[in-house]
Visitor: 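Please see the structure below; I have some questions.
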Amino acid sequence: QVQLVESGGGLVQAGGSLRLSCAASGRTFSYYTMGWFRQAPGKQRELIATIIWSGGSTYYPDSVKGRFTISRDNVKNTVYLQMNSLKPEDTAVYYCAARPGYVLGYYETEYEYWGQGTQVTVSS
């Protein structure tokens with residue numbers, strides 16, 4: 001079992017920045033690929049960033065590429081999402097998730113453990 005707890009969400013103006021954190025406990029954190037997803041009202045949950053165990057490979061969809069950065073600290077058992085140049089369309093509940101194994105995870109169904117989510121609201 002892996003327990004995930006997100007923090008760092010909140011209200012920010014367009015153009016601002018936020019840094020989300022996801023603290024993991026339980027099994028060996030470095031065994032897992034980590035991902036950040038988001039779900040806006042009335043929309044499906046979507047992947048916005050994923051990172052392999054070493055941090056050596058990441059993936060972002062075009063919607064956030066160049067604005068968001070995922071990173072991880074395997075000593076602190078924490079994964080981060082730095083979000084810059086935020087837009088109102090980034091408003092959503094943001095979730096971190098853990099996928100067993102050593103490759104990137106692109107699909108929601110690949111992830112075994114999920115946090116409870118943290119709300120990010122970007123005002124125009």
Side-chain angles (χ1 to χ4, degrees):
Q1 283 280 0
V2 175
Q3 293 78 41
L4 303 173
V5 179
E6 301 99 335
S7 61
L11 174 65
V12 64
Q13 288 189 330
S17 299
L18 280 176
R19 187 195 197 202
L20 305 183
S21 299
C22 174
S25 60
R27 290 191 172 180
T28 305
F29 179 68
S30 59
Y31 174 66
Y32 292 86
T33 287
M34 300 300 296
W36 283 99
F37 291 75
R38 69 184 180 189
Q39 187 168 23
K43 295 188 177 181
Q44 289 188 330
R45 191 153 53 182
E46 61 172 340
L47 174 72
I48 54 171
T50 178
I51 186 168
I52 63 170
W53 71 278
S54 66
S57 184
T58 59
Y59 166 80
Y60 308 90
D62 288 345
S63 58
V64 304
K65 193 179 295 182
R67 299 189 298 124
F68 291 10
T69 303
I70 189 172
S71 61
R72 64 190 294 163
D73 184 331
N74 288 342
V75 174
K76 295 182 178 179
N77 288 355
T78 302
V79 63
Y80 305 97
L81 185 69
Q82 178 67 43
M83 305 186 294
N84 298 328
S85 302
L86 283 161
K87 306 174 181 180
E89 51 263 45
D90 294 318
T91 295
V93 178
Y94 284 68
Y95 299 89
C96 73
R99 178 203 186 279
Y102 299 107
V103 297
L104 293 173
Y106 300 98
Y107 303 102
E108 186 177 344
T109 52
E110 296 179 69
Y111 288 80
E112 190 169 339
Y113 302 104
W114 292 83
Q116 82 289 350
T118 186
Q119 177 70 46
V120 172
T121 303
V122 184
S123 63
S124 57

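Atoms considered below: every heavy atom in the structure, side chains included; atoms not considered: hydrogens, waters and symmetry mates.
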Visitor: Is the shortest side-chain N to carboxylate O distance from Lys87 to Asp90 below 4.0 Å?
Guide: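 No, Lys87 and Asp90 are not salt-bridged.
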Visitor: Out of curiosity, does Tyr106 fall in the hydrophobic cluster containing Val103 (side-chain heavy atoms, cut-off under 4.5 Å, transitive links)?
Guide: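 Each belongs to a different hydrophobic cluster.
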Visitor: So which heavy atom on Ala24 is nearest to which on Val2, and how close?
Guide: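 Between these two residues, the closest heavy atoms are CB-CG1, 4.3 Å.
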Visitor: In Å and rounded to the nearest 0.5 Å, what is the SG to CD distance from Cys96 to Glu6?
Guide: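 Between atom SG of Cys96 and atom CD of Glu6 there are 4.0 Å.
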Visitor: When rounded to the nearest 0.5 angstrom, what is the spacing between OG1 in Thr58 and CZ in Arg72?
Guide: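 That separation rounds to 12.0 Å.
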Visitor: Does NZ belonging to Lys65 count more than 12 external heavy atoms closer than 6.0 Å?
Guide: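 Count over threshold, so yes.
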Visitor: For the residue pair Arg99 / Tyr111, report whether a side-chain donor-acceptor contact shorter than 3.5 Å exists.
Guide: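 No donor-acceptor contact under 3.5 Å links the two side chains.
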Visitor: Going from CH2 on Trp36 to CG on Leu81, what distance comes out if it is rounded to the nearest 0.5 angstrom?
Guide: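 Trp36 atom CH2 to Leu81 atom CG measures 6.0 Å (nearest 0.5 Å).
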Visitor: Look only at the side chain of Tyr80 and the backbone of Asp73, and say whether a donor-acceptor pair between them is shorter than 3.5 Å.
Guide: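 Not a single qualifying donor-acceptor pair exists.
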Visitor: Roughly how far, to the nearest 0.5 Å, is the CZ atom of Arg38 from the CG atom of Leu20?
Guide: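 Rounded to the nearest 0.5 Å, the CG-CZ separation comes to 11.0 Å.
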Visitor: Would you call Val122 and Glu89 a side-chain contact if the rule is heavy atoms closer than 4.5 Å?
Guide: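 Side chain of Val122 against side chain of Glu89, heavy atoms only: no contact under 4.5 Å found.
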Visitor: After noting the C-alpha distance and the side-chain angles of Trp114 and Arg45, does the key distance pass the side chain to side chain contact (heavy atoms under 4.5 Å, CB included) rule?
Guide: CA-CA 12 Å; Trp114 292 83; Arg45 191 153 53 182; 3.7 Å; yes
Visitor: Could you pull out the closest heavy-atom pair between Thr78 and Ser21, with the gap in Å?
Guide: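 Heavy-atom minimum between the residues: CG2-CB, 4.3 Å.
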Visitor: Would you confirm whether Asn74, through its side chain, and Phe29, through its main-chain N or O, come within 3.5 Å as a donor-acceptor pair?
Guide: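 Checking the backbone N and O of Phe29 against the side chain of Asn74, no donor-acceptor pair under 3.5 Å is found.
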Visitor: Can you classify the ring geometry of Tyr31 versus Tyr102 as parallel (below 30°), tilted (30 to 60°) or perpendicular (above 60°)?
Guide: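 Aromatic pair Tyr31/Tyr102 classed perpendicular.
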Visitor: How many angstroms lie between CD in Gln119 and CG in Leu11, if you round to the nearest 0.5 Å?
Guide: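 One gets 9.5 Å once the value is rounded to the nearest 0.5 Å.
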Visitor: Determine the minimum heavy-atom distance between Pro88 and Ser124, stating which atoms define it.
Guide: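 Pro88 and Ser124 have their closest heavy atoms at CG-CB, 3.8 Å.
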Visitor: So, taking the atom named CD1 in Ile70 and the one named CD1 in Ile52, what distance separates them when rounded to the nearest 0.5 Å?
Guide: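 Between atom CD1 of Ile70 and atom CD1 of Ile52 there are 11.0 Å.
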Visitor: Ala98 and Tyr32: which non-hydrogen atoms are nearest, and at how many Å?
Guide: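 Taking every non-hydrogen atom into account, CB-CD2, 3.9 Å.
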Visitor: So, for Lys43 and Gln39, which heavy atoms are closest and what is the spacing to 0.1 Å?
Guide: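 Answer, listing the atom of Lys43 first, then Gln39: O-NE2, 3.1 Å.
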Visitor: Identify whether Tyr95 and Tyr107 are in the same connected component of the hydrophobic contact network (ILVMFWY, side-chain heavy atoms under 4.5 Å).
Guide: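 Per the 4.5 Å side-chain linkage, Tyr95 and Tyr107 are co-clustered.
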Visitor: Kindly give the heavy-atom pair with the smallest separation between Met34 and Leu4, and that separation in Å.
Guide: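 For Met34 and Leu4, the tightest heavy-atom pair comes out as CE-CD2, 3.9 Å.
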Visitor: So, Phe68 versus Tyr60, ring centres under 6.0 angstrom or not?
Guide: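 When the ring centroids of Phe68 and Tyr60 are compared, they turn out to be at least 6.0 Å apart.
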